[in-house]
Amino acid sequence: MIESGAALHSPNPAFDLATAERLLYSEWGIEGTVSELVSTQDQNFRVRARDGRQYVFKVSNASATTADLEAQDVAMRHVAARPSGFDAPVPVAARDGRNLVSHEGHLLRLVTWLDGTPLADLGYLPPLTLTEQGRLAARCCQ
């Protein structure tokens, strides 16, 4: 498990777009273009595959452990499988069947893309948005 505050003291990964595209192809067999998304501790890329599908390519902070990310994957699958009335991203296995791939001290993974506006793009989050986010989190825990 990530030590308290460890991610805050570990710099964000800094993969360039070409490296992200190369890793997507070599590990997942996906050709497409990537653009960087905002992240506070990891590095995330929006992937637009040539076949039209979209994903999020996640490069985890070096302080993240395999157990941390496996727990997140289990939670995503659990939420996605429940009849909750909303979609959840799910992990996408690499060519060799693994959900986590190690590269240069970082764990990589791919998850499905969900349409919508990332909260980071909104700037100010009005009280109603925060209230709805809390309701959504509560529904995930039911």
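Residues take their numbers from the sequence shown, with the count starting at 1.
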A side-chain contact here means heavy atoms from C-beta on lying under 4.5 Å apart; do [X] and [Y] qualify?
{"X": "R77", "Y": "P91", "value": "yes"}
{"X": "K58", "Y": "L108", "value": "no"}
{"X": "V47", "Y": "Q54", "value": "no"}
{"X": "L100", "Y": "T66", "value": "yes"}

Looking at every non-hydrogen atom in both residues, tell me the closest pair between [X] and [Y] and how far apart they are.
{"X": "M76", "Y": "A88", "result": "O-CB, 4.3 Å"}
{"X": "T33", "Y": "E21", "result": "CA-OE2, 3.3 Å"}
{"X": "R48", "Y": "S35", "result": "NH1-OG, 3.9 Å"}
{"X": "S60", "Y": "P13", "result": "O-CG, 3.6 Å"}
{"X": "S63", "Y": "D68", "result": "O-OD2, 4.4 Å"}

TODO: Walk me through it: do D87 and D115 pass the test side chain to side chain contact (heavy atoms under 4.5 Å, CB included)?
DONE: CA-CA 10 Å; D87 293 329; D115 284 327; over 6 Å; no
Task: Within 6.0 angstrom of R53 CZ, more than 12 heavy atoms from elsewhere - done: no
Given the rule that I, L, V, M, F, W and Y join up when any side-chain heavy atoms are under 4.5 Å apart, are [X] and [Y] in one cluster?
{"X": "Y25", "Y": "L110", "result": "no"}
{"X": "L136", "Y": "V79", "result": "yes"}
{"X": "V38", "Y": "L122", "result": "no"}

In Å, rounded to the nearest 0.5 Å, how long is the span from [atom1] of [X] to [atom2] of [Y]?
{"X": "E70", "Y": "T65", "atom1": "CD", "atom2": "OG1", "result": "8.5 Å"}
{"X": "N99", "Y": "Q72", "atom1": "CG", "atom2": "CD", "result": "12.5 Å"}
{"X": "R95", "Y": "I30", "atom1": "CZ", "atom2": "CD1", "result": "9.0 Å"}
{"X": "Q41", "Y": "N12", "atom1": "CD", "atom2": "CG", "result": "7.5 Å"}

Open item on the list: Tell me every residue that passes side chain to side chain contact (heavy atoms under 4.5 Å, CB included) with R135, counting only those two or more places apart in sequence or in another chain.
Closed with: T131, E132
Task: Under the side chain to side chain contact (heavy atoms under 4.5 Å, CB included) test, residues paired with P127 that sit two or more places apart - done: Y124
Taking the side chain from [X] and the backbone from [Y], do they hold a donor-acceptor pair closer than 3.5 Å?
{"X": "Q43", "Y": "F15", "value": "yes"}
{"X": "E27", "Y": "V101", "value": "no"}
{"X": "N61", "Y": "A64", "value": "no"}
{"X": "H106", "Y": "V59", "value": "no"}
{"X": "T129", "Y": "L125", "value": "no"}

Open item on the list: Assess, by modelled atom type and distance only, whether the side chains of S39 and D42 contain a donor and an acceptor separated by less than 3.5 Å.
Closed with: no
Task: side chain to side chain contact (heavy atoms under 4.5 Å, CB included) between V111 and V90, worked out - done: CA-CA 5 Å; V111 300; V90 292; over 6 Å; no
Open item on the list: Checking L23 against F57 for the side chain to side chain contact (heavy atoms under 4.5 Å, CB included) test, could you report, in this order, the C-alpha distance in whole Å, the side-chain angles of both residues, the deciding distance, and whether it holds?
Closed with: CA-CA 10 Å; L23 288 165; F57 178 54; 4.1 Å; yes
- [ ] Determine, for E36 against R46, whether the closest basic-nitrogen to carboxylate-oxygen distance falls under 4.0 angstrom.
- [x] no
TODO: May I ask you to check whether Y55 and W28 place their ring centers less than 6.0 Å from one another?
DONE: no
Task: From V92, N44, T112, residue fulfilling side-chain contact (heavy atoms from CB on, under 4.5 Å) relative to V56 - done: N44
